[in-house]
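So the structure is just underneath, and the comments pick up after that.
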Amino acid sequence: MIEKIAHKLTRKPKLVAAVAVLMLIPSLIGYAATRINYDILSYLPQDLPSSQGEQLLEEPFQMAATSMLIVEGMPAGYTNRLIQDIKNVPGVSSAVWVSNLVGIQIPVEMIPADFREMFFSGQATMMLIQYDHPGASDETMEAIQQVRNVCNERCFLAGFSVVIKDTRDVMDGELPVFVGLAVLLALLAMSVTLESTVLPFVYLASIGMAVVYNFGSNIFLGQISYITKAIAAVLQLGVTMDYSIFLYHRYEEEREHYDDKRDAMAQAIIAAFRSLSGSSLTTIAGFLALCFMRLTLGRDIGIVMAKGVVLGVATVILVLPSLVLLFDKQIEKHKHRTLIPSFDRVNGFILRRRVALAVLTLALFLPAVYAQRHADIYYKLDESLPRELPSIVSNEKLKDDFDMATSHFVVLRDDISAANMGELERRMEEVPGITSVVSFHKMLGTGIPDFFIPEDIKNMLRQDGWQLMMINSSYAPATDEVSTQLDAMNDILHSYDSGAMITGEGAMYRDLIDTSAVDFQVTNYISIAAIFLIIAFVFRSISIPLVLVATIELAIFINQGCCYFLGTEIPFIAPTIISCVQLGATVDYAILMTSRFQEELKRGLDRKEAIRIAACSSDASIVTSALVLFCATLGVSFVSSIDLIGAICVMLARGALISALVSIFLMPAILCVCEPLFNKTSYHWKTPDPAPAEQLSALAEAELLLGEEKDMETEPEEPQKEEEREKCVTADIR
């Protein structure tokens with residue numbers, strides 16, 4: 001089947017290229033129609049109390065999207081007019097200030113103390129703004145922008161939804177820049193490591209199509225996270241570049257055996273399909289492991305990236321051959337020498353010190369694992385944003401002026417007695433760090449008659465048998481202090497209503513911390529197990545996957561441990577992504593060298609000579625692959641002002657280099673030392689592969705026609721292999 005497809009693809013390269021270009025149109029439409037989710041907390045499991053409480057805030061209370069507007073040094077008349085303008089903004093459901101409660105004519109001193117402390121601080125006053133739609137919706141984002149438009153420079157809009165709005169604005173402005181930089185740096189890396197000036201552009205055209213196809217097909221998911229949007233394109237570029245390089249190198253090998261370059265490309269397609277369909281499984285497995293996270297952000301990233309790898313392989317098999325055939329003359333015309341240095345002497349040194357290097361590899365696990373486990377992690381998402389953003393400035397002002405670092409929202413039954421509500425409110429106020437408590441019952445307790453409270457205020461605090469308490473805390477979210485505070489609040493609350501729920505930033509961040517800690521362990525074990533089984537199946541061995549996975553895991557520990565030694569904090573999602581992606585994407589380096597090692601052993605060579613040849617032939621491919629992944633991801637960190645994105649990309653870039661260094665400098669020694677173990681625990685480890693029936697038939701015919709050249713025809717690739725062997729051996733002797 002693949003033979004017929006390969007033959008047809010190579011006969012009409014212009015048609016194939018035209019169809020590939022036309023497919024970009026629906027992909028671009030799908031890309032534009034795919035919504036981007038900037039609210040990471042919305043990916044929490046929906047069975048958690050904080051998530052269920054958030055759903056109640058959204059419906060029926062319409063409090064899921066709430067922001068606080070601080071007006072500094074302005075007269076009460078201006079604030080009263082401003083609140084009316086804000087109420088007229090489309091998407092705003094209500095705006096609450098003291099004028100809603102007691103009227104603007106009443107002096108500040110006569111306002112009940114609880115409300116005075118909540119709405120006034122020195123020369124600043126605060127109002128609450130609610131929106132019709134969820135906090136991360138497009139409608140709320142537009143409403144926030146219009147609220148900002150009606151305010152002057154002495155107004156500060158704070159709240160989680162406002163942070164999401166600024167995050168979206170930053171991402172929309174920076175994404176084209178760092179994708180462009182990633183492409184530029186990848187081009188530079190390929191220009192150094194590839195043998196043609198034109199070839200990198202052909203590769204990028206093919207991979208660019210695969211990226212667009214991938215993003216366009218995301219429309220079936222409905223939405224993707226902004227983290228996925230930021231890293232998926234550059235990660236797909238770096239990970240799938242290997243496939244393009246493999247196809248072209250195989251094409252060049254086949255051209256020596258065919259007069260028609262189309263036949264050579266057809267054979268290259270067949271070989272690439274059989275090889276890439278297997279080798280890409282480890283990368284796909286690494287990404288799919290993310291789907292087992294309870295935090296569904298992992299599923300978002302995992303599905304998009306696994307799909308990207310599949311589409312990358314498909315594009316290499318179906319589209320890239322046509323592009324290469326169309327630009328073959330230009331590729332040949334602009335060939336040059338690569339700048340990758342020879343590793344011959346390095347490999348000779350490694351093999352002479354193979355036992356010491358194997359011991360060093362084992363010794364490195366201790367500091368690497370310790371550093372990896374003690375690296376500092378942060379969970380509060382606005383810590384990754386530039387401090388000069390308007391929302392960050394406003395949140396800091398809210399904390400400093402009103403002592404409101406966190407707002408807890410408590411949803412509880414509406415039939416609790418007045419006496420119990422009064423006791424509940426008093427006990428909540430006594431919890432360390434609580435600065436104020438607002439509820440409908442507490443409003444009545446200030447002396448404001450029930451009939452005097454406006455209907456929109458009643459609706460904000462009482463709906464459908466539920467009532468809402470707003471409890472402000474001086475503790476910042478995602479801290480040990482607020483976690484202890486939440487435990488105390490839950491103990492008090494559940495003694496009055498066992499079904500009550502606490503939600504808001506503080507509760508959701510605490511659930512995020514607990515969930516991600518479990519997710520890291522689960523996804524790490526699943527990715528290791530999946531890749532272990534794939535390698536075990538490929539090599540039919542128990543020991544080989546153990547050695548290869550352990551070696552790349554060492555590279556992952558070193559990568560994450562660098563953060564400990566450098567004293568840098570990393571975002572909570574980074575370790576999970578890195579552990580799965582780096583393992584899945586770079587274990588191919590080890591597989592490549594091991595496959596060539598086995599091939600040379602099956603040819604009858606001893607293990608030292610076999611590993612020399614395997615290392616010499618693999619090093620250039622490893623350097624090219626790692627350098628492209630390094631450049632593609634490092635470019636993002638240069639320009640991204642969102643630390644969450646920059647930190648992930650820095651770790652991906654550093655991980656590519658560390659995995660390459662481990663594969664080049666440690667893997668040959670490990671493979672050579674462990675070869676006797678492989679031989680005892682692997683099925684047909686050294687047994688030569690039987691020649692295919694087609695090859696035997698062709699050789700028999702060649703013997704009849706060219707008897708005097710029978711030996712040369714029997715092993716057409718032997719001179720090349722012999723040349724490589726002599727080159728490595730000579731270098732070692734020197």
Side-chain angles (χ1 to χ4, degrees), residues 37-46 48-51 53-54 135-136 158-164 166-167 225-228 230-231 290 293-301 372-387 389 391-392 395-396 399 405-409 433 473-487 489-490 502-524 560 563-564 567-580 640-651:
N37 187 355
Y38 293 86
D39 183 5
I40 301 302
L41 296 180
S42 66
Y43 290 100
L44 281 169
Q46 295 305 298
L48 295 176
S50 62
S51 297
E54 192 73 8
F160 189 63
S161 295
V162 187
V163 173
I164 293 174
D166 285 347
T167 303
S225 73
Y226 76 94
I227 297 176
T228 307
I231 68 174
L290 294 171
M293 292 173 62
R294 290 197 70 209
L295 183 71
T296 52
L297 173 64
R299 184 176 62 190
D300 185 273
I301 298 173
Q372 182 256 356
R373 291 184 176 179
H374 289 81
D376 290 331
I377 297 175
Y378 68 83
Y379 293 85
K380 197 166 183 289
L381 299 177
D382 60 8
E383 289 183 12
S384 70
L385 297 174
R387 309 321 295 170
L389 283 181
S391 59
I392 303 301
N395 283 347
E396 290 296 324
K399 178 181 178 181
T406 305
S407 292
H408 303 299
F409 295 91
S473 168
S474 60
Y475 298 152
T479 59
D480 293 337
E481 292 83 0
V482 84
S483 180
T484 303
Q485 185 182 76
L486 284 166
D487 289 337
M489 292 172 61
N490 272 310
I502 302 178
T503 188
E505 276 189 89
M508 298 187 80
Y509 272 122
R510 204 263 292 270
D511 285 341
L512 180 67
I513 293 171
D514 295 340
T515 302
S516 59
V518 176
D519 282 345
F520 175 73
Q521 300 296 331
V522 171
T523 56
N524 194 33
Q560 297 180 2
C563 300
Y564 170 78
T568 57
E569 283 189 323
I570 56 176
F572 71 96
I573 193 66
T576 306
I577 294 177
I578 298 304
S579 63
C580 294
S640 178
S641 58
I642 301 177
D643 181 68
L644 189 150
I645 303 298
I648 291 175
C649 289
V650 164
M651 293 183 72

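Each residue takes its place number in the sequence, starting with 1. Heavy atoms only: backbone and side chains are in, while hydrogens, waters and symmetry mates are out.
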4.5 Å side-chain heavy-atom contact, Glu569 and Glu383: yes

More than 12 heavy atoms from other groups under 6.0 Å of CG on Asp480: no

Donor-acceptor pair, side chain of Asn524 and main chain of Ser579, under 3.5 angstrom: no

Worked check of side chain to side chain donor-acceptor pair (under 3.5 Å) between Asn37 and Ser225: CA-CA 5 Å; Asn37 187 355; Ser225 73; over 6 Å; no

Donor-acceptor contact present, side-chain Thr296 to main-chain Tyr43, <3.5 Å: yes

Approximate separation, where rounding is to 0.5 Å, of Glu54 CD and Gln46 CD: 9.5 Å

Distance in Å, Met293 CE paired with Phe520 CZ, rounded so as to fall on 0.5 Å steps: 10.5 Å

Close side-chain approach of Gln485 and Val482, heavy atoms under 4.5 Å: yes

Side chain to side chain, Leu290 and Arg299, heavy atoms closer than 4.5 Å: no

Donor-acceptor contact present, side-chain Ser516 to main-chain Asp519, <3.5 Å: no

Worked check of side-chain contact (heavy atoms from CB on, under 4.5 Å) between Tyr226 and Leu644: CA-CA 11 Å; Tyr226 76 94; Leu644 189 150; 4.3 Å; yes

Tyr509 and Phe160 aromatic ring geometry - parallel, tilted or perpendicular at 30°/60° bounds: perpendicular

Check: Thr406 side chain, Gly506 main-chain N or O, donor-acceptor pair, under 3.5 Å: no

Donor-acceptor under 3.5 Å (Asp166 side chain, Ser391 main chain): yes

Side chain proximity check, Thr568 to Asp376, heavy atoms < 4.5 angstrom: no

4.5 Å side-chain heavy-atom contact, Ile227 and Ile40: yes

Side chains of Ser407 and Glu505 in contact at under 4.5 Å (non-hydrogen atoms): no

Least distance between heavy atoms, Pro477 atom then Ala405 atom: CD-O, 3.7 Å

Gap separating the CG atom of Leu44 from the OG1 atom of Thr515, nearest 0.5 angstrom: 5.5 Å

Inter-residue atom distance Ile573.CD1 - Ile301.CD1, 0.5 Å rounding: 5.5 Å

pair Pro49-Ile502: side-chain heavy atoms closer than 4.5 Å: no

From Leu512 atom CG to Lys380 atom NZ, the distance as rounded to the nearest 0.5 Å: 12.5 Å

Trace of the side-chain contact (heavy atoms from CB on, under 4.5 Å) decision for Arg510 with Asp487: CA-CA 10 Å; Arg510 204 263 292 270; Asp487 289 337; 2.9 Å; yes

Minimum-distance pair of heavy atoms, taken over all atoms of His408 and Ser473: NE2-CB, 3.8 Å

Nearest-0.5 Å distance that lies between atom SG in Cys563 and atom CD1 in Ile377: 9.0 Å

Residue pair Ser640 / Gly646: nearest heavy atoms and the distance that separates them: OG-N, 4.0 Å

Test item: Asn490 side-chain N/O and Leu486 main-chain N/O as donor-acceptor pair under 3.5 Å: yes

Lys399, NZ: over 12 other non-hydrogen atoms inside 6.0 angstrom: no

Trace of the side-chain contact (heavy atoms from CB on, under 4.5 Å) decision for Ile570 with Met651: CA-CA 9 Å; Ile570 56 176; Met651 293 183 72; 3.9 Å; yes

Donor-acceptor contact present, side-chain Thr503 to main-chain Ser50, <3.5 Å: yes

Least distance between heavy atoms, Ile513 atom then Ala478 atom: CD1-CA, 4.1 Å

Check ion pair Arg294-Asp511 (N to O, under 4.0 angstrom): no

Side-chain touch Asp382/Ile392, heavy atoms, less than 4.5 angstrom: yes

Short side-chain to backbone donor-acceptor contact, Ser51 and Pro45, under 3.5 Å: yes

CA sep, side-chain torsions, deciding dist, call: Asp643, Tyr378, side-chain contact (heavy atoms from CB on, under 4.5 Å): CA-CA 11 Å; Asp643 181 68; Tyr378 68 83; 2.7 Å; yes

